[in-house]
Number of protein chains: 2
Amino acid sequence: MARRTDHTREELREMALEAARRAVRREGPAGLTARGLASAIGYSPGTLYNLFADLDDLIVHLNAATLETLEGRLKTALAQTASPEASAAAMVSAYVAFTLEEKALWGLLFEHRLPPGRELPTWYQQRIGALLGMLEEALRPFHPEEASRALAARALWCGVHGVCSLAAGGKLASVTDQGAAEVSEVLLKVFLAGLEKTAEGHH
Amino acid sequence: MARRTDHTREELREMALEAARRAVRREGPAGLTARGLASAIGYSPGTLYNLFADLDDLIVHLNAATLETLEGRLKTALAQTASPEASAAAMVSAYVAFTLEEKALWGLLFEHRLPPGRELPTWYQQRIGALLGMLEEALRPFHPEEASRALAARALWCGVHGVCSLAAGGKLASVTDQGAAEVSEVLLKVFLAGLEKTAEGHH
DNA sequence: CTAGATTTTGAACATCGTTCAAACGCGAGG
DNA sequence: CCTCGCGTTTGAACGATGTTCAAAATCTAG
């Protein structure tokens, strides 16, 4: 048993990741089992360990793909807008929409913890940084000061992330899932209003 | 072996929860094992299942205690302030401080997911509602309109929660942990400024 | 066609949550 | 003071988990 030419190594990795995606979507993170994934792609558990160091490594790659998808969504959302207000609103609503659409994958992306001692790859952190950069750019018209804009962007992004985090976990209690859009919209509007006000104050 | 009078049932539950606390603090959620907890309190694994339905049930009770502690922190923070600005700031900084102080417990509180089908107890949701109520009350001077204040409070709380969530997970990237305080402070200030501005606009 | 290189396997190990019949110790009734 | 019974505690057992690795199987080069 050693079918060499059934699939490329890269194909196998992709198949495993897709199987993982399906499992997470269907049963949550608990559905991610080595044996389950292996049988889903028609291989034995041991083969998975030729493709990835271990399940944590597989999850990191899955998360990277999710992050890439999210990045794409934000980019297209941004491309279809004209005014600065619309850009910011589009980014936020795209972020929220993606979260609600892919609750489980999004949850895995931000809640997966590596065992202590292991660090996230640097390109991973860089991707998150890129997301922040996009938001920071969208915030430029509202906050001309170069120095503190990064901090403001980070604050706003954290805020929206918090809404998504609670919504995805079903911990917004009495608020429906639809409510996540409303809450984030309020957060954005009030925050932008605050930015403008403080900008006025500095002139 | 059936030492009846060693400890009350309630004492046992408390011992188990305290052992769980220590384990989570030391090794994260992964450190929570039935056998580990049992040996930590000097009993056998089976005994744990006389005290709690299962590990998920134990975690829910642990989270309830954590939530209670957090609630207490916010209350005392609130009691030591005079002005509305100080109240809001005190609540936010108390929330952030608790998060950084108890990263693992806080993470367990918000990131633990029950297996699908099981719901969180209602008193649990009510406690979260109480937290929101405190913040909403602190926001009263900034946002007189009764109707939308709840939404504003929720939005702000989600925002602060997002900062904490990313900070506790070490996903604020280049920002140090100390940065969580700064980010949340910016979020609060800008948000409050925005609230005042919109309030002005409505009169 | 053969031999070397590589991929794949699946049994094995340790550990996990959870169950439950049996063993045990304490308090009440004689 | 003894005994009986009830409730507590145990720990072996079961199924499932992640992970390893020697052996088996297949492909490719010569």
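Since the model is a prediction, treat every value here as computed from it, not as a measurement. All chains are named by letter (A, B, ...) in the order of the sequence lines, taking the proteins before the strands, and each is independently numbered beginning at 1.
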Original post:
According to a strict under-4.0 Å criterion, is A/Thr47 in side-chain N/O contact with OP1 or OP2 of C/dT9?
Top reply: yes
Subject >> Atom-to-atom span, CD of A/Glu11 to P of C/dT7 - whole angstrom >> reply: 15 Å
Produce the list of close N/O pairs, under 3.5 Å, pairing protein atoms with atoms of nucleotides 17-20 of chain D; give distances to one decimal.
from   : atom 1 : to      : atom 2 : distance (Å)
D/dG18 : OP1    : A/Leu32 : O      : 3.3
D/dG18 : OP1    : A/Ala34 : N      : 3.2
D/dG18 : OP2    : A/Ala34 : N      : 2.8
D/dG18 : N7     : A/Arg35 : NH1    : 2.8
D/dG18 : O6     : A/Arg35 : NH2    : 2.9
D/dT19 : OP2    : A/Tyr49 : OH     : 2.7
D/dT19 : OP2    : A/Leu55 : N      : 3.1
D/dT19 : O5'    : A/Tyr49 : OH     : 3.3

Original post:
In whole angstroms, how far is the C1' atom of D/dT26 from the OH atom of A/Tyr43?
Top reply: 12 Å
Original post:
Can you tell me how far P of D/dT9 sits from CG of B/Asn50, to the nearest Å?
Top reply: 7 Å
Subject >> Atom pair distance, as rounded to whole Å: CG in B/Leu58 and P in C/dT18 >> reply: 10 Å
Subject >> NZ/NE/NH1/NH2 to OD/OE distance under 4.0 Å, B/Asp54 and B/Arg118 >> reply: yes
Subject >> Within 45° cone and under 6.0 Å: B/Arg73 NZ/CZ vs B/Tyr95 ring >> reply: no
**OP:** Starting from P on D/dT9, measure out to CZ on B/Arg13 and report it in whole angstrom.
**Re:** 13 Å
Subject >> Residue that, paired with B/Asn63, satisfies side-chain contact (heavy atoms from CB on, under 4.5 Å) out of B/Phe110, B/Trp106, B/Tyr124 >> reply: B/Tyr124
**OP:** Send over the distance from A/Leu48 CG to C/dT7 C1', rounded to a whole Å.
**Re:** 14 Å
**OP:** Keeping to residues at least two apart or across chains, list the salt bridge (charged side-chain N to carboxylate O under 4.0 Å, His left out) pairs with something in residues 106-115 of chain A.
**Re:** A/Glu111-B/Arg113, A/Arg113-B/Glu111
Original post:
Do the side chains of B/Phe191 and B/Glu196 get nearer than 4.5 Å, heavy atoms only?
Top reply: no
**OP:** Whole angstrom is fine here: how far is it from CD1 in B/Ile41 over to P in D/dT8?
**Re:** 15 Å
Subject >> Non-hydrogen side-chain atoms of A/His143 and A/Ser148 separated by less than 4.5 Å >> reply: yes
Subject >> Integer-rounded Å distance: C/dG25 C1' and B/His7 NE2 >> reply: 16 Å
